[in-house]
Visitor: 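Got a structure here, written out as structure tokens. Questions coming.
What's counted below: heavy atoms across the whole structure, side chains too, no hydrogens, waters or symmetry copies. Numbering of residues begins at 1 and proceeds along the displayed sequence.
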Amino acid sequence: MPKTTILLAEDEPALGQIIKESLETRDFNVLLCENGNIAMDVYHKESPQLLVLDVMMPKKDGFTLAKEIRAIDDAIPIIFLTAKSQTKDVVEGFNIGGNDYLKKPFSMEELIVRINNLLQRTTIQKASEILKIGNYSFDFPKQILHFDDKKQQLTHREAHLLYHLVQNKNKVLDRSLILNKLWGTDDFFTARSMDVFITKLRKKLKKDDSIQIINVRGFGYKLVF
């Protein structure tokens with residue numbers, strides 16, 4: 001089996017190296033980054049399966065980094081590491097989209113247990129993410145649409161847009177909300193980009209004429225089937 005890749009963003013060199021080496025002894029592949037800007041670049045290039053983010057980092061802190069990643073990926077597990085102990089900081093971490101929160105100092109065994117629990121939970125969730133859309137089957141984790149024995153590969157953004165439409169079946173998907181979630185902004189240019197993706201999805205779903213993606217002017221889109 002391929003190793004699970006973990007992106008570790010930690011600006012304390014000694015601590016970062018200790019965590020990296022400890023996780024590698026447990027057969028994880030660890031990408032160690034010294035600040036949030038580097039971590040964002042590595043995230044895009046390497047597609048890790050889990051993030052371990054220090055909150056207090058130079059150039060881009062862990063909370064800001066998590067917000068940016070959550071705008072394009074709402075599934076990847078995120079664990080925050082922090083010396084902060086106030087309840088409001090913990091709450092902020094979870095509100096941003098963190099899955100777990102570990103206060104420094106911590107034991108490596110505790111971090112490894114939390115990583116394994118999140119990975120197991122994610123695997124179980126992904127295994128059940130085969131969605132029915134009319135006569136189509138949508139494998140969200142693999143980003144594939146199946147119709148009879150034919151399959152269409154979706155892009156990352158197409159898959160996430162379709163997933164949100166399915167989750168809100170027969171309801172209006174708020175245009176501004178989904179633009180901010182998937183594109184990080186709701187300006188004119190990203191709105192036009194979303195229109196293009198909707199057109200692409202309509203074409204990919206056209207083999208079942210009971211499926212419609214309706215434009216609700218001034219509000220958003222609604223998937224009906």
Visitor: For a 4.5 angstrom cut-off between non-hydrogen side-chain atoms, does F140 reach V166?
Guide: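 In short, these two side chains do not touch, never coming nearer than 4.5 Å.
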
Visitor: Flag yes if I214 and I198 sit in one hydrophobic cluster, no otherwise; membership is Ile, Leu, Val, Met, Phe, Trp, Tyr, and two members link when side-chain heavy atoms are under 4.5 Å apart.
Guide: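 Result: no, two separate clusters.
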
Visitor: Looking at CG of L162 and CG of L205, how far apart are the two atoms once the value is rounded to the nearest 0.5 Å?
Guide: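 Output value for this atom pair is 6.0 Å.
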
Visitor: Measure across L51 and P48 and return the closest heavy-atom pair with its distance rounded to 0.1 Å.
Guide: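 Closest pair (atom of L51, atom of P48, distance): CD2-CG, 3.8 Å.
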
Visitor: Go through K20 and E10 one step at a time and tell me if the salt bridge (charged side-chain N to carboxylate O under 4.0 Å, His left out) criterion holds.
Guide: CA-CA 10 Å; K20 174 178 166 63; E10 171 57 65; over 6 Å; no

Visitor: Search all heavy atoms of A191 against all heavy atoms of R175 and return the closest pair with its distance.
Guide: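 That would be O-NH2, 3.4 Å.
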
Visitor: So, for K151 and I144, which heavy atoms are closest and what is the spacing to 0.1 Å?
Guide: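 Minimum heavy-atom contact is CB-CG2, 3.6 Å.
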
Visitor: Minimum heavy-atom separation for N35 to P58, with atom names?
Guide: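 Closest heavy-atom pair between N35 and P58: CB-O, 3.4 Å.
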
Visitor: Tell me, yes or no, whether the heavy-atom count around F106 atom CZ, taken from other residues, nucleotides or ligands under 6.0 Å, exceeds 12.
Guide: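 For F106, atom CZ is crowded (more than 12 foreign heavy atoms under 6.0 Å).
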
Visitor: Answer yes or no: are there more than 12 heavy-atom neighbours, outside Q143 itself, under 6.0 Å from its atom CD?
Guide: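 Counting other residues, nucleotides and ligands, CD of Q143 exceeds 12 neighbours.
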
Visitor: How many angstroms lie between atom OG1 of T199 and atom CG of N215, to the nearest 0.5 angstrom?
Guide: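 Here the interatomic distance stands at 9.5 Å.
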
Visitor: Using side chain to side chain contact (heavy atoms under 4.5 Å, CB included), reason through L50 and L7 one step at a time and then give a plain yes or no.
Guide: CA-CA 6 Å; L50 183 140; L7 190 156; over 6 Å; no

Visitor: Taking C-beta and beyond as the side chain, do I19 and V52 meet within less than 4.5 Å on heavy atoms?
Guide: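 In short, these two side chains do not touch, never coming nearer than 4.5 Å.
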
Visitor: State which residue, out of I115, L119, V113, fulfils the side chain to side chain contact (heavy atoms under 4.5 Å, CB included) condition with N117.
Guide: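 It is V113, the one option of I115, L119, V113 that forms the side chain to side chain contact (heavy atoms under 4.5 Å, CB included) with N117.
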
Visitor: Roughly how far, to the nearest 0.5 Å, is CD of E92 from OH of Y101?
Guide: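 Spacing of OH (Y101) from CD (E92) equals 7.5 Å.
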
Visitor: Checking R157 side chain against H160 main chain: does a donor-acceptor pair fall under 3.5 Å?
Guide: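 Side chain of R157 to backbone of H160: no pair is present.
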
Visitor: Which is it for E110 and K103 under the salt bridge (charged side-chain N to carboxylate O under 4.0 Å, His left out) test, yes or no, and what are the steps along the way?
Guide: CA-CA 11 Å; E110 183 177 6; K103 296 175 186 176; over 6 Å; no

Visitor: Using the rule that two of Ile, Leu, Val, Met, Phe, Trp, Tyr join whenever any of their side-chain heavy atoms come within less than 4.5 Å, decide whether L8 and M108 are in one cluster.
Guide: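 Yes; M108 is reachable from L8 via cluster members.
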
Visitor: Measure across L65 and G36 and return the closest heavy-atom pair with its distance rounded to 0.1 Å.
Guide: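 So the minimum-distance heavy-atom pair works out to CD1-O, 3.7 Å.
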
Visitor: Is there a donor-acceptor contact under 3.5 Å linking the side chains of D195 and Y221?
Guide: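 Per modelled atom types, D195 and Y221 side chains form a pair under 3.5 Å.
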
Visitor: Has Q167 got a side-chain atom pairing as donor or acceptor with H164's backbone, closer than 3.5 angstrom?
Guide: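 Not confirmed, Q167 side chain does not pair with H164 backbone.
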
Visitor: Are the side chains of K222 and N168 in contact, using a 4.5 Å heavy-atom criterion?
Guide: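 A side-chain contact under 4.5 Å is absent here.
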
Visitor: Kindly indicate whether the side chain of L201, heavy atoms from C-beta on, has any atom under 4.5 Å from the side chain of E158.
Guide: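 Side chain of L201 against side chain of E158, heavy atoms only: contact under 4.5 Å found.
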
Visitor: When the ring centroid of F138 is compared with that of H146, is the distance short of 6.0 Å?
Guide: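 Ring centres of H146 and F138 not closer than 6.0 Å.
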
Visitor: On the six-membered ring of F147, is K150 placed so that its NZ or CZ lies under 6.0 angstrom from the centre and within 45° of the ring axis?
Guide: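 That pair does not qualify as a cation-pi contact.
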
Visitor: Are any non-hydrogen side-chain atoms of L154 and L145 less than 4.5 angstrom apart?
Guide: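 Yes; the side chains approach each other to less than 4.5 Å.
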
Visitor: Does the side chain of V224 come within less than 4.5 Å of I211's, by heavy atoms?
Guide: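 Heavy-atom side-chain distance check fails, nothing below 4.5 Å.
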
Visitor: If you apply the rule salt bridge (charged side-chain N to carboxylate O under 4.0 Å, His left out), what do you find for E109 with R26, and how did you get there?
Guide: CA-CA 11 Å; E109 288 302 317; R26 302 303 180 96; 2.3 Å; yes

Visitor: Does a donor on one side chain sit under 3.5 Å from an acceptor on the other, for D208 and S210?
Guide: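 Yes, side-chain donor-acceptor contact under 3.5 Å.
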
Visitor: Check this for me: K45, atom NZ, are more than 12 non-hydrogen atoms of other residues, nucleotides or ligands nearer than 6.0 Å?
Guide: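 Counting other residues, nucleotides and ligands, NZ of K45 stays at 12 neighbours or fewer.
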
Visitor: First locate atom CG of L131, then atom CG of L165, and finally report the distance between them rounded to the nearest 0.5 Å.
Guide: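 One gets 11.5 Å once the value is rounded to the nearest 0.5 Å.
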
Visitor: L53 and D61: side chain to side chain contact (heavy atoms under 4.5 Å, CB included), yes or no, with the steps?
Guide: CA-CA 9 Å; L53 309 179; D61 64 82; over 6 Å; no

Visitor: Take K104 and D54, measure what salt bridge (charged side-chain N to carboxylate O under 4.0 Å, His left out) needs, and give me the verdict at the end.
Guide: CA-CA 10 Å; K104 298 177 181 178; D54 182 34; 3.1 Å; yes

Visitor: Any side-chain to backbone donor/acceptor pair from E34 onto L32? Under 3.5 Å, distance only.
Guide: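 No; zero donor-acceptor contacts below 3.5 Å.
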
Visitor: Decide side chain to side chain contact (heavy atoms under 4.5 Å, CB included) for T4 and N29; before the verdict, give the C-alpha distance in whole Å, the side-chain angles of both, and the deciding distance to 0.1 Å.
Guide: CA-CA 6 Å; T4 296; N29 178 38; over 6 Å; no

Visitor: Quick one: pull up NZ in K132 and CG in N135 and give me the separation to the nearest 0.5 Å.
Guide: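 So the NZ of K132 and the CG of N135 are separated by 6.5 Å.
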
Visitor: Go through it in stages, so that I can follow the logic: the residues are L111 and L102, the test is side chain to side chain contact (heavy atoms under 4.5 Å, CB included), and I'd like the CA-CA distance, side-chain angles, deciding distance and then a yes or no.
Guide: CA-CA 8 Å; L111 175 59; L102 205 52; 3.8 Å; yes

Visitor: With no hydrogens and no angle check, is any side-chain donor or acceptor of R202 less than 3.5 Å from a backbone partner on I213?
Guide: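 Yes.
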
Visitor: Quick check with a 6.0 Å cut-off and a 45 degree axis cone: is K207 positioned over the face of Y136's six-membered ring?
Guide: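 Checked: cation-pi criterion not met.
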
Visitor: For the side chain of N99 and the backbone of I78, is there at least one donor-acceptor N/O pair under 3.5 Å apart?
Guide: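 Such a contact is found between N99 side chain and I78 backbone.
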
Visitor: Please check if the number of heavy atoms outside M56 that lie under 6.0 Å from its CE is greater than 12.
Guide: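 No, not enclosed.
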
Visitor: Report yes if the distance between the aromatic ring centroids of F94 and F80 is under 6.0 Å, otherwise no.
Guide: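 They do not qualify: ring centres at least 6.0 Å apart.
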
Visitor: Looking at every non-hydrogen atom in both residues, tell me the closest pair between P77 and Q49 and how far apart they are.
Guide: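 In terms of heavy atoms, the two residues are closest at CD-O, 3.2 Å.
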
Visitor: Does T64 reach the main-chain N or O of K60 with its side chain, forming a donor-acceptor pair under 3.5 Å?
Guide: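 No, the answer is negative, given that no donor and acceptor are paired below the 3.5 Å cut-off.
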
Visitor: Kindly say whether G98 contributes a backbone atom to a donor-acceptor pair with the side chain of R70 at under 3.5 angstrom?
Guide: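 Judged by distance alone, no pair lies under 3.5 Å.
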
Visitor: Rounded to the nearest 0.5 Å, what separation is found between the CZ atom of F225 and the NZ atom of K169?
Guide: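 F225 CZ to K169 NZ: 4.0 Å, rounded to 0.5 Å.
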
